[in-house]
Amino acid sequence: MQRMVHSDLSIWLSGLTVAGLLVALTGQWLVAGEPGQMLLLGGSALAFAAGGLPAGWRALQELVTEHILDIDLLMVVAAVAAAAVGAPVEGAVLLTLFSISSTLEERALGRARRAIEALMALRPETALRRLPDSRVEEVPSAELAVDDVFVLRPGARVPADGVIVGGRGTLDEANITGESMPVPKQVGAQVFEATVNLDGVLEVTVTRTVAESTVARMITLVTEAQAAKAPSEQFSAWFGQRYTVAVLAGAILAFLAFLWLGHGWHTALYRAATLLVAASPCAIVISVPAAILSALSAAARGGVLFKGGAALETLAAVETFAFDKTGTLTAGRAAITGIVTVEGTEKDFLRLIGGLEAQSEHHIAGAIRRDLAERDLKPIPIADVTSHPSAGITGRDGAEEVWAGNPRMAKRMGASVDREALRQLADGTHTVIYAGRGDTVLGAITIADEVRRSSSRALQALRQGGVRKIVMMTGDRRPVALRIGTELGLRPEEIHAEMLPEDKVVEVAGLATAGKVAFVGDGVNDAAALARADVGIAMGAAGSDVALQAADVALLAEDMERLADAHRLARRTARIIRQNLTFAMGAMAVLVTGGLFFDLPLPLAVLGHEGGTVLVVLNGLRLLTDPIRKDRPAKVESAPVAAAAAPVAG
C-alpha cells in the first residue's frame, strides 16, 4: 500500500512539474508584459517546488544519514544554477524532464515488484478441509495444518503444498515450475500452492503450511536475490558514487576555468551547470540493475530461481557443465525398456509379472506397476506370493507355480535362460527380470533408468550457446554410464563412472582450473559438488528444501531445457549490460565534449541525459519478455514469480 501511495505521489508531482513548465513557457512566449513575467515566475516556481524540493530533500537526507552524494542533488544544483543566472525556464525544463524520467524508471522497474504481489494474490484465501466425520468445512488457508486433508474441486487453486491421497486430475503448474503444459496427477503426487486444478476432484494431505509453502519460499528467495547485488551492480554503485563527487568537483573547477578564460559570471555558471548535467552518471548507474532485475524476474517466471545477480553473471561466463546422471540427466526412477516373450502374448506376460509384483515395494516392482497402468492392463491375481531375497518372487496362478526374478531364480526353478532372444537382453547395461511357469521361461523384461526426454535437446542447446565442454558424473557402473552417455551424444572421455561424492568434488575442482564450471545435480547427495562449482544448479527443486538451500540456481521443474534457457538468458543479460554501459558512456562523452568545447544549451544536455537514462532502462526491461516460459496455456490466468525491483532514479 505504501509503495502504491509513493507511486501515485510521484505521478502527481511529475504532473505538477509539467504544469508549472507549461505555465512558464506560456508566460515567456505567449503573454507579454507584466502578466507574462508573473506567469513565467509562477510557473517556474511550481516546477521547482514539485520537481526540485522532493528530490533535493531526499538527496540531502542521504547525504546526512548515509554520507552518500546522490545524483539527484546534481540535478537540483544545476537547476538552481540556471535560475541564478536568469534562466529559470531552462531550470524548469531540467527538473521536468528529470521528474518524468524518474517516474518512468520507477514504474518500469516496479513491474517486477507488482508481479510478485500478483503471485501472492493468487494464493487462495480459503480451503475446503475434510473433517473426521467426512464432512467438509470452508476454513482460511492459513489455518491448514500439516496432515490436514482438503478437497480440491475443478477450477480451484491449491491452498497449500501437499500430496494427493484420493482422485486424479490435471494441474496447471505454470506459476511455480514454468511448465507450459498441464501435468497429470494421481495418488502419491505432489501438488503446490497457487497451482490450478483443471479437472477431477482431489483429496490432498497437507505437507507444508501456507507460511512454509513452495510459493512462500520462492518469494523469500527471489526477494533476497534482488537485494544481493551482482559484482557489476556493486561496481556501478561504487563507481557512480565516486564519479558523482568528481563531477561536482569538476563542475566547480569548470566554473573557475570559464571565469579565468574571460567568460562572464552568468555564462560561466550556466556552462558549469550544463557540464554538471552532461557528466552526471545516471545512465551508467542504472544500466546494470535494470538488466539484472529484469532477468531475475523473467527467470523466475520460467521456473528458474537465481540466488542473486552474482549467480546470473557467473552462469553467463560458464564454459564447462558437469552433470550428475541419476535424477538429473535421467528420470531417476526405473522403467521397462524392453520386453521379450517366449510363450504367449506380451499383454498376458505383463499381466502375469504384474500380478507377482503387485504387493512388492521394490523399485523394479514400481516400474512394472507403472507400465501396466500406462497400458491400462490389470494384473492377474496371484496367490501364496513369497519373496526370495537376492533372487526373485514366487506365487501360484491356479494350480501352477509362477515366478519372476534374476538368473538365480530361474536356475532354482530349473528353467533355462540360454536362448538367443534372451541372451540379447543381458548386455550388462540393463537389469533383466525373467518370468516363467514351473520350469518354463515365458519371457523377460529389461529395467533401466531412462534418459529424460529433454536432456538431449538441452545439451545440444548448451553447445550451441557456447559451452565448450560437457561431462557426466555417476556412481553407476561403467557400462551403464556409457549407455546413458551414448544416448546423449557424449564421448567416452566425457563420461566419468563409479564415482563417490568426494570424487565428484575433486573432478569439479580439476575442471575449474580451465575456467568457470557449473555443476548440475538433484541437490540431495551432491551438496559438496554443488558448493565446489562456480555455479551449483539443482534440478526439480520445487518440492526440495535441500535443493533450494544447496544451489545457486534452482530449476523448479524437472525439465533440462530450463537449464539451457537459463544459460541463454544469462548470456543475453551480459550482452545487454555491455550494450547499456557502452551507450551510457558514449552518450556522456558526447555531452561532456559539447559542454566543454561547444556552447551546448542546458535543455539539450538535459534531454540527452534523461533520454539516455530512459533508453538504458527500457533496453534492460526487454529481458522481462524473454521467452524462457514458452507455450503458456491461455485458458488459465496466472501471474509470474518475479524479483522485487528497487527503483533508481537519475
Side-chain angles (χ1 to χ4, degrees), residues 306-307 310-332 428-429 448-452 454-541 544 546-555 558 560 562-564 566-567 570-571:
F306 285 90
K307 287 189 177 177
L312 182 72
E313 289 192 339
T314 305
L315 183 60
V318 165
E319 294 183 342
T320 301
F321 274 82
F323 290 88
D324 177 48
K325 177 183 74 69
T326 306
T328 305
L329 292 172
T330 66
T429 64
D449 191 5
E450 286 189 315
V451 172
R452 290 188 190 277
S454 58
S455 291
S456 181
R457 295 191 299 271
L459 297 189
Q460 184 179 1
L462 286 174
R463 290 192 178 96
Q464 292 173 348
V467 175
R468 53 180 189 81
K469 187 170 186 179
I470 295 176
V471 299
M472 183 182 77
M473 302 180 185
T474 180
D476 261 344
R477 294 175 296 113
R478 183 72 179 173
V480 176
L482 285 172
R483 176 181 66 83
I484 297 294
T486 301
E487 286 187 44
L488 294 171
L490 298 176
R491 299 189 299 272
E493 61 269 23
E494 297 172 329
I495 301 169
H496 303 274
E498 301 175 13
M499 301 182 78
L500 297 173
E502 53 266 32
D503 297 328
K504 296 179 183 180
V505 175
V506 173
E507 184 64 27
V508 169
L511 292 171
T513 60
K516 299 291 185 183
V517 177
F519 182 85
V520 189
D522 58 12
V524 177
N525 59 358
D526 301 314
L530 287 168
R532 178 60 187 85
D534 296 292
V535 181
I537 304 172
M539 278 283 296
S544 171
V546 176
L548 285 172
Q549 295 302 322
D552 302 303
V553 183
L555 309 180
E558 295 186 344
M560 283 295 296
R562 298 289 175 204
L563 174 62
H567 182 251
R571 293 209 162 188

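Worth knowing before you read on, the calculation uses all heavy atoms, side chains too, and leaves out hydrogens, waters and symmetry mates.
For R571 (side chain) and G465 (main-chain N/O), a donor-acceptor pair under 3.5 Å exists by modelled atom type. The backbone N or O of M472 lies less than 3.5 Å from no partner atom in the side chain of K325, so there is not a single donor-acceptor pair. A side-chain donor-acceptor contact under 3.5 Å links T513 to the backbone of G510. A donor-acceptor pair is defined here as one N or O able to donate and one able to accept, closer than 3.5 Å; such a pair exists between the side chain of R452 and the backbone of G327.
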*Can you list the steps and then say if I484 with V451 is a side-chain contact (heavy atoms from CB on, under 4.5 Å)?*
CA-CA 7 Å; I484 297 294; V451 172; 3.7 Å; yes
*asked:* side-chain contact (heavy atoms from CB on, under 4.5 Å) for M560 and M539? Distances and angles first, verdict last.
replied: CA-CA 8 Å; M560 283 295 296; M539 278 283 296; 3.6 Å; yes
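Contact of the L488 side chain with the I470 side chain is not registered, since no non-hydrogen atoms from C-beta on lie closer than 4.5 Å. Residues L563 and F323 meet the side-chain proximity criterion, which asks for heavy atoms closer than 4.5 Å. At least one side-chain heavy atom of H567 sits less than 4.5 Å from a side-chain heavy atom of L315. Counting heavy atoms from C-beta on, the side chains of V535 and K516 never come closer than 4.5 Å. In this structure the side chain of P492 reaches within 4.5 angstrom of the side chain of R478, judged on heavy atoms. Put simply, the side chain of K504 does not reach to within 4.5 Å of the side chain of H496, judged on heavy atoms.
Contact between A564 and A458 at its shortest, heavy atoms only, is CB-O, 3.9 Å. When all heavy atoms are compared, the tightest approach of A497 to A481 is CB-CB, 3.7 Å. The minimum heavy-atom distance linking A570 with A316 is given by the pair O-CB, 3.4 Å. For the residue pair I495 and T486, the shortest heavy atom distance occurs at CD1-N, 4.4 Å. Across all non-hydrogen atoms, the minimal contact from E498 to D503 is O-OD2, 4.3 Å. Considering all non-hydrogen atoms of both residues, G515 and D534 come closest at O-OD2, 3.9 Å.
For Q460, there are no side chain to side chain donor-acceptor pair (under 3.5 Å) partners two or more places apart in sequence or in a different chain. Not counting sequence neighbours, the partners of R468 by the salt bridge (Lys or Arg N to Asp or Glu O under 4.0 Å) test are E319. Applying the side chain to side chain donor-acceptor pair (under 3.5 Å) rule to T330 yields the partners D449; only residues at least two apart in sequence or on another chain are considered.
Rounded to the nearest 0.5 angstrom, L459 CG and R457 CZ are separated by 11.0 Å. Between M473 atom CE and E507 atom CD the span is 4.5 Å, to the nearest 0.5 Å. Residue T328 holds its OG1 atom at 9.5 Å from CD of E558, rounded to the nearest 0.5 Å. Separation of atoms CZ (F306) and CG (L312) is listed at 5.0 Å; rounding is to 0.5 Å. Atom CD1 of residue I537 and atom CG of residue D552 lie 8.5 Å apart, to the nearest 0.5 angstrom.
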